Each structure stands twice: as structure tokens, then as C-alpha cells.
Amino acid sequence: MGSYGTSIDRKWQQKWADSKLYSFNRDKVGKKLYCLEMFSYPSGNKLHLGHWWNYGLTDSWARMKRMQGFEVFEPMGFDAFGLPAENYAIKTGIHPKDSTMSNIETMERQLSEMGAMFDWDYEIITCLPDYYKWTQWLFLKLYESGLAYRKEAPVNWCPSCNTVLANEQVVSGACERCDTEVTKKDLTQWFFKITEYADELLEKLDDINWPEKTKIMQRNWIGKSVGAELTFKVADSNREFTVFTTRADTLLGATYVVLAPEHELVDEITVPEQRQQVSEYQDFARKQSEIDRLSTTKEKTGVFTGAYAEHPVTADKLPIWIADYVLASYGTGAVMAVPGHDTRDHEFATKFDMPVPRVVKAAGTDVDDAIPFVEYGILVNSGQFDGLTSDEGKKAIVEFLAEKGMGKFRTNYRLRDWLVSRQRYWGAPIPVVHCEGCGIVPIPEKDLPVELPYNVEFAPDGKSPLAKSEEFMQTTCPHCGGPAQRDPDTLDTFVCSSWYYLRYPDPKNSEQPFDSEWINQMLPVDMYVGGPEHAVMHLLYARFITKALRDAGYLRFDEPFTNLVHQGIILGPDGMRMSKSRGNVISPDPYVNEHGSDVLRLYLQFGFNYTEGGPWNDDGVKATARFVDRVERMVERLGELKAEGSGHSNMASAEKDVNYVRHYAIKGITEDGERFQFNTVISRLMELVNALYRYDNEQESKNVSFMEDVVADLLRLMAPYAPHFSEEMWERMGYEYSVFNQEWPVHDPAALVKDVVELAVQVNGRVRDKIEVSSTASEEEIKQAALTAKNILPYLEGVSVKKIVVIPKRLVNIVVG
RNA sequence: GCCGAAGUGGCGGAAUGGCAGACGCACUUGACUCAAAAUCAAGCGUGGUUUCCACGUGUCGGUUCGAGUCCGACCUUCGGCACCA
């Protein structure tokens, strides 16, 4: 057994700390590389393998960058507000602050044992007043910019617990605590106007180096659609409503209209005889989740209101229905139904026995094809618009209505404004007061933070916990000095995490959230690494906040994260997501204690694909422990050989072979490490070690100084991936501290040129023989060698050669027929 | 349901459209050992008539001299769906 283990981990962790090896040198900001890992949420009491997977492996990437000459900034902190701590408090009576701070302490210890380059001088914890003071400041800036506003919005409501539920707490339509059926309730809540930035959020995706799939998801989430808003009058009434449509060309095919069950007009227009049915249907819709409502396979439902709308062109009477497939939150909450040309409308009309006229036909056909026909084509049965193409028709119809003030072109987004109010305790208080005389009054910046009181009642009883704290609620109006009440809600924790990357480089600043001059040098983040579960929401919110602060004059860059990588997810051994309730959470501690931190790190790197993850299985941990021992034995062996003092100094073919593997490894490790492909990095290290062993075993007389050069390169290459161990070996080789101050090796292309290369020879795509040719052979020489290869000749008898494809250094394919 | 991915030996996983299975695990055999462990060496996709041949990357079809890789349809699993973070 080798000597590597936790005592070597401790030794180097201590030395790194004492020598401040990883302290960020502000004078070198010109060479800065801001490497950020999504910070941890301290809900469980311990770090699990998923954290290691994210932080440990990204740290290896950052270490390589450091050796390549970058001044690496790699901070760590905690996203400490949130629902789980509050639920835990309701269950156990332990205060969220106490449980959170104690979890953080444990996690800090475990993170130190990982041996990452975190500079703890820059730690941030979002639930502490010196951080959330600035989260509140952010709210005020958005408010000043007109980007924060209040409106009514529904929340999940449990009538039995009398409380607001998170989506997570609703289990198949029922409250997770008491199993009562969950309904919706409207509350006035704060929103951030992210939709104002919809276009920029869409366009600037082109400028950032993110996984393409993430960009696609964001594009789809924003969901830009270009269309028109058309106005319909309610018959025999002075009321009217607008619909959003991308297919104004099909307007003449509209046979009815549908309002969302929540649409404000529904109660006003419903005729008495339909009232009961309508209100029952509204209840039904209220209990459904949005995902259910958007299902395209479930049977369509809906109810007639008894009222009619006037068709804006023909003045025909169109029945007004309500149906759950129309959402209040998208477009105008109302649609014109064109069953001949829309799949959902078609299903609905068929079910309720309504006519299905056709107003668009495929260009160049007389016979109509599928119904509904959802493609573009030529307008028919559309009166004055007949014969126009769909594109021309859209334009003509909207312009025709626009003249009458009943239509306009309009772009609509699927993206909705960001609801930031939470009726919970464990979050940053919203920094406004409600004054009877002055209305909503923001707290002046100098009075921040609005501190979260420690003593409150968490029990769910229909009120925000803060609303029950008199001491917190009663205050004076900063404007008129009269009595006022604080806002009892707290901010969504996504607000805390939407700007933390701006605080990290300047975390102790008590005058401002950050020094703009400094932050404009340190940002944007050069590499951001976190889970794919954050592909849309967190990343979109952070991008929005960056843009909002830029426009408020605090930042000079447009995008917060230049490069992004998503690590995959390490599942429990059962293939399910690790969770306390499933009892499949794997702790890194036993592995660290038994084998040392680096063995776990190496195994995670070697055993999985970083962007895919997979179920945990520790069968291979022993293998990486063995690899580490193998390297240690090679270092010892080299010591013996040096002591013997024998050997030679030639670079003969045996040395050249080792040198090839060495430079192949340097090239591969540099390239694969760069793109987070750690499993092949470790493979290349193993191949290099295997080559050294083969050389040592097979060569009677060895070139010891050459071997030492190779081992030195091996340790440099291995250092990012096994930092404690490599540092120890580096010291044992008698080299100067620290291996992390060494320059990253660069491969020599000449060492990778082979004199003779082997080519596969195929006949009609099947490998039939192999030939060896000089690496400088011409295409003609290669063809001749292939055509005369021993095993090829039988395949050429009685057929003619039609074509020969030569792929240099790979293969020759002889096509015969 | 919608959006986005992924499916390769007994297992983890490699493969700029170019010899599928690198590197490991497990297993088998040999060396060393009184023995075991450790270590070292060799073998290891399936089938067959075994210097060779056929088959083989979720399923079916297509493009190509050549497809794990590109295209179309489908199946399964995973991530997200706006109050878990």
C-alpha cells in the first residue's frame, strides 16, 4: 500500500493556507480568470457527492488554468434562504437561521477537505444582513427603474392549512401535509419586469459560449411570436376584448371565441342561465395545474357563456366559450378559434359540434388535404381577401382592421414577468412600507437592511409569518413620518442568486453592493459551472439582473457568464435522484477518510462522463487508489535508479516510444481538460504511467534522466486532478514548492510524428487487411500498397476496381463492383 | 402534454463521417508466495466450420465508397415547465 491518505491531504491543505498559495492577487486582474461554481444550498446538513462532482472537478479545470498562467478567482458561498429550512423549522422547531448556519459550518469543513482553491476571504452567505441588505438594494433599484411593480396573481392555497403552498408541496392536486384538495387564491404580489428585456435576452444568446441546448431552451422559454392583436366587440353590449393571434390570415374562418376561465370579462358577460355551469367550470379550472391544462392529448373541455361576439369583418355572431386550454397568463387570455386551421380548436369544435369552415388551401391544389390544415397557403372563402397568400393575408387583414381601430401588429412572448413575492419567513424582507397616506413607499437606502426578525411564529395559519410580528410590521413612513406597515412578504430566493456573482469579488464592501470600477474589471464570469436544472430560470434571471443593473449605470457588460458548462447529475446507487426521503444520499466523507480526497476526486473524474453523470457505483474507487499507488511506486523506483547511477543517455526507439506517449498525453490532457472531459484525461495519465512501467520492465539499460523528465511532466499533468498527492510526489522528487507554480507542459509536435503508420485496407467498406506505409508516402504509393496487400488480392479477382478512397493515417477503401 | 437531452460488451465508459469497444472494473489463466493479499504478465463483444468468416452501438427506414456519429419515424430513460433551488 502507498502512503497517500488524509494525513497528506492535511499537510498540504495546511501548507497551501499558510503560504496563501491561492489568494487572488488583485494586481494581476489583467490576467484574471473568474471561475464560478453555482453556490450550494445548505438544506441537507452535509455536502453530498453532487457537490463534489460540481466543485471538485471544476477546481481541477481551474487548477490547469492557473498552471497555464491565469490569475484564477474561485470563490465559494451559500445560497442560504429558502423553503426547506422553513419547513424543517415547522416540523422540528429548530429556527431556520440556526439550522442553516450549522449546516454551513459542516459544509465549510467538508469543502476544505476537498482541497479546492477556494479563497474563503471572499465567502458570501445570502441569509446574513450584510448580504441581503444589498439584495434589498437591488429591489429598490429595480423599483426606481420601473422594473418592479405589483399586481394580482394566483397562488396555490390549501383551505385546510390556510396557507400558501409551493408547487412542490402540491402532490397530485392535494396538500402534502393534510391531503386537502388545493385551490388557487389571488394575492397582490411584486413582479420584476423581465419581459421588458425579452428581446435582448433572446438576441444576446448569440454572443455567449453556452451549450447549444441551453440556448435553445432559453429561446423556447422566451417564446417570441410575431402576430397581431384583434379586437372583438361583445354583441349587444359596449364591452370588447382583444385576442392575440399569429394567424390573422385565418380570421374569416373564426367560428367562435374562447376566453380563459379567469378572464375578467367572464363574470360580466355570462348570461344567467349559464352562470352556474360557468362558475363550476371556473372552479374546475382553478384546481388544475398549468401542465395539465396545456396537455395536448387530454380531451378538450369548456363551457358556453351564453354571450356572443361580433366578427370584426363579417359582424357574424360568434359564441363566446371559456375553456382551460386558454391561459390567462399568455397573450391576452383570449383566442379566436379557427377550427379549420388549428389543431386544438379543431378538436374543441368537433367535440361541441361546431362548424369547421376552411379559409386557407395549399397553394397549387384544388383538392383540400388534411383538416385541420395548419400550413400556410392561399386564402379562400375570405371575401375581399381571397387569393392572397397567408403572409399577404395577415398583413391585409390587420391593416384593414387597424383602420377601424380594431387591430394592430404585435409581438407576443411566452415569457412572463417574474413573480418575486413569497408569503414566507426565511427570505429577504421586501424593503417597502405601506402607508395609508402615501401608499407604497420604498425604504431609503440609508435605512437598509430591513432586518428579518428572529422571533416569529412559523406555524402555517393563513398569514405570512412576518405579518404576525408586530415588532416587525409596525413602523413609520419614511415619507410622511406617520404610522405605516412593512410588507409582510419576502423575496424569492432566486433574487438572492441572481446577483451573487457580482458580490463575490467585493464581498466586504459595506458602502455599496460592489465597487463598480472593480466589478467591471473582474466580470464577466469566464467560466460558470452548474447543473442543467438551472438551464432556464436561474440563468435567465441572472442575465436579466445584469442587464437591468447595466441600464441603471452600475455595470459596463451585457452578459454575466461568458462560458457555461453543465455537469450531469450523479444519481443514487438505485438510479434515482439522491434525496433524503429516498435514503439514497451518498456522502463523500467515508471515501475521503478511507482513501484520501484525491482518490475520490480521481474516481469521479475517471468513472463518469462529466456532462452526463449517472448512478453512483464505487466499484472503481479501488482502481484509482491503485493508480495513485502505481505512480508513487514509479517515483520511488526512479529514486532507486538515480541512486544506482547506471544507464545511458540515448534517445533510441524505446525512449522515442515513451516520448510519443508522453506528448500524446500532454496534448490530449490539455485539450480534454479544457472541455471538461475528465475521464479521458485520467485515461491518458494511466497510459503514460503504463508506458513508463513497460519501459522500466523491458529495457535492460535505461535513460534515467529522460525517465525523470517524463515523471516530472506526469506530476505536472496530474497535479490539477490529484492536487495533494501530486504536491507530495513533487516534493519527494526533490523539487521546489509548489507544483502549482509550475508551467503547464506543452506538447512537441515532432514527437508525435511516427516514421511508419498502419492503415486499414477495406474492400467495399469492410476491413480485409492492414498495411504499413511510411508516414510520408504519397497517395499513389498507398494505393499500390493497398492493391497488392496479400489478403486483398482474392477480393479483386473477377471484379473491377471502381474507386479507391484514401484517408491519410487511417484507411484505404477499395470500391469494387 | 410541451421544451431539452441520452440510449454502445457483464459494468463505468472511449471513438474531427473513416479499423467500434481506448482507459478501467469484474472475470479467467500464468508468474511470485508455504498460503493469501498485493504486485507483475496474458486473455476477455456474440456466434461459427476459429491464420478466417458472419453478426453487433435502443427499434425501423434513408443518405454515403464508408454511419455509434448525418436525416426521418418510433420506443425507453433522464432534466425543466415559472412557489424546490
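Everything numeric in this text was worked out from a predicted model, so none of it was measured. In what follows, every chain begins at residue 1, and chains take the letters A, B, ... in the order their sequences are listed.
- For A:Val805, taking side-chain heavy atoms from C-beta onward, the closest of the listed nucleotides B:C40, B:G13, B:C65 is B:C65.
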Strand RNA chain B as a dot-bracket string - pairs counted if Watson-Crick or G-U with both distances under 3.5 Å, | where the partner lies in another strand: (((((((..(((.....[....))).(((((.......))))).((((...))))..(((((..]....))))))))))))....
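- Evaluation of atom-type donor-acceptor distances gives no pair under 3.5 Å for the side chain of A:Lys802 against the base of B:C65.
- By the 6.0 Å and 45° rule, A:Arg630 stacks over the aromatic ring of A:Tyr693.
- Comparing B:C11 with B:U57, their P atoms sit 15 Å apart, to the nearest whole Å.
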Provide a list of protein-nucleic acid N or O atom pairs under 3.5 angstrom, restricted to nucleotides 68-71 of chain B.
none

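- Every residue meeting the ring-ring contact (aromatic ring centres under 6.0 Å, His included) condition with A:Phe678, not counting sequence neighbours, appears here in chain and number order: A:Tyr610, A:Phe676.
- Under 4.0 angstrom from either OP1 or OP2 of B:C40 there lies at least one side-chain N or O belonging to A:Arg633.
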Atom pairs, N/O to N/O, protein against nucleotides 22-25 of chain B, distance under 3.5 Å?
from	atom 1	to	atom 2	distance (Å)
B:A22	O2'	A:Glu687	OE2	3.3
B:A22	N1	A:Ser683	OG	3.4
B:G24	OP1	A:Asn690	ND2	2.5
B:C25	OP1	A:Arg626	NH1	2.6

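- The pair A:Arg633-A:Asp696 fails the salt-bridge criterion, with no side-chain N (NZ, NE, NH1 or NH2) lying under 4.0 Å from an Asp/Glu carboxylate O.
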Only distances under 3.5 Å count here; give the side-chain donor-acceptor pairs of residues 166-174 of chain A to other protein atoms, sequence neighbours excluded, each with its distance to 0.1 Å.
from	atom 1	to	atom 2	distance (Å)
A:Asn167	OD1	A:Asn156	ND2	2.7
A:Gln169	OE1	A:Ala166	N	2.8

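- Residue-to-nucleotide contacts include no donor-acceptor pair under 3.5 Å from the side chain of A:Gln218 to the base of B:C3.
- In this entry the distance linking NZ of A:Lys298 with C1' of B:G1 reads 10 Å, nearest Å.
- Annotation: B:G9 and B:G24 have their C1' atoms spaced 14 Å apart (nearest Å).
- Residue A:Ser421 is in base contact, counting any heavy-atom pair closer than 4.0 Å across all strands shown.
- Distances were taken from every side-chain heavy atom of A:Glu533 (C-beta onward) to each of B:G79, B:C83, B:A82; the shortest belongs to B:G79.
- If you run side chain to side chain donor-acceptor pair (under 3.5 Å) between A:Asp324 and each of A:Lys298, A:Arg293, A:Arg286, only A:Lys298 comes through.
- A salt bridge does not link A:Glu290 with A:Lys184: none of the charged nitrogens is closer than 4.0 Å to a carboxylate oxygen.
- For residues 46-55 of chain A, every residue pair satisfying the side chain to side chain donor-acceptor pair (under 3.5 Å) rule, not counting sequence neighbours, is listed here: A:Ser40-A:Tyr55.
- Scanning for side-chain hydrogen bond (donor to acceptor under 3.5 Å, both in side chains) contacts around A:Ser775 gives an empty result, with sequence neighbours left out.
- For A:Arg416, no side-chain nitrogen or oxygen approaches OP1 or OP2 of B:A82 to under 4.0 Å.
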side-chain hydrogen bond (donor to acceptor under 3.5 Å, both in side chains) assessment of A:Thr611 paired with A:His566: CA-CA 6 Å; A:Thr611 52; A:His566 293 304; over 6 Å; no
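- Each of B:C65, B:A15, B:A85 was ranked by its minimum atom distance to the side chain of A:Leu83; first place goes to B:A85.
- Every residue was checked against the ring-ring contact (aromatic ring centres under 6.0 Å, His included) condition with A:Tyr721, not counting sequence neighbours, and none meets it.
- Salt-bridge formation is not detected for the pair A:Glu347/A:Lys351: no Lys NZ or Arg NE/NH1/NH2 atom is positioned less than 4.0 Å from an Asp or Glu carboxylate oxygen.
- Taking atom C1' in both B:C44 and B:G30, one finds a spacing of 15 Å when rounded to whole Å.
- A residue-by-residue look at A:Ala166 and A:Asn609 shows that A:Asn609 has its nearest nucleotide of RNA chain B further toward the 5' end.
- Checking the phosphate oxygens (OP1, OP2) of B:A41, a side-chain nitrogen or oxygen of A:Asn697 falls inside 4.0 Å.
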Polar atoms only, N or O, under 3.5 Å: list the protein pairs with nucleotides 74-78 of chain B and their distances.
none

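- Looking at which nucleotide of RNA chain B each of A:Arg414 and A:Tyr41 is closest to, the 5′-most match is held by A:Arg414.
- A gap of 13 Å separates the P atoms of B:A14 and B:A22, to the nearest Å.
- Spacing of C1' atoms, B:U77 relative to B:U28, comes out at 34 Å, to the nearest Å.
- Across B:G17 and B:C25, the matching P atoms stand 30 Å from one another, rounded to whole Å.
- Using modelled atom types, one side-chain atom of A:Thr680 and one backbone atom of A:Gln677 make a donor-acceptor pair closer than 3.5 Å.
- The ring-ring contact (aromatic ring centres under 6.0 Å, His included) with A:Trp426 is formed by just one residue from the set A:Tyr132, A:Tyr88, A:Phe81; it is A:Phe81.
- Cation-pi geometry between A:Arg543 and A:Trp499 is not met: the NZ or CZ atom fails to fall both under 6.0 Å from the ring centre and inside 45° of the normal.
- By the ring-ring contact (aromatic ring centres under 6.0 Å, His included) test, A:Tyr413 pairs with no residue at all, sequence neighbours left out.
- The side chain of A:Phe494 lies closest to B:A85 when the candidates are B:A85, B:C83, B:C81.
- Shown here are the ring-ring contact (aromatic ring centres under 6.0 Å, His included) partners of A:Phe78, two or more places apart in sequence or in another chain: there are none.
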Reading 5' to 3' through nucleotides 42-57 of chain B, protein heavy-atom contacts under 4.0 Å coded B for base, S for sugar-phosphate only, - for none: -----------SSS--
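- Nucleotides B:C75 and B:G66 place their C1' atoms 28 Å apart, quoted to the nearest Å.
- Closest contact between the side chain of A:Pro84 and the listed nucleotides B:C84, B:A15, B:C11 involves B:C84.
- Across the C1' atoms, B:C71 and B:A26 are found 39 Å apart, a figure rounded to whole Å.
- With hydrogens and angles ignored, a donor-acceptor pair closer than 3.5 Å exists between the side chain of A:Asn813 and the base of B:C65.
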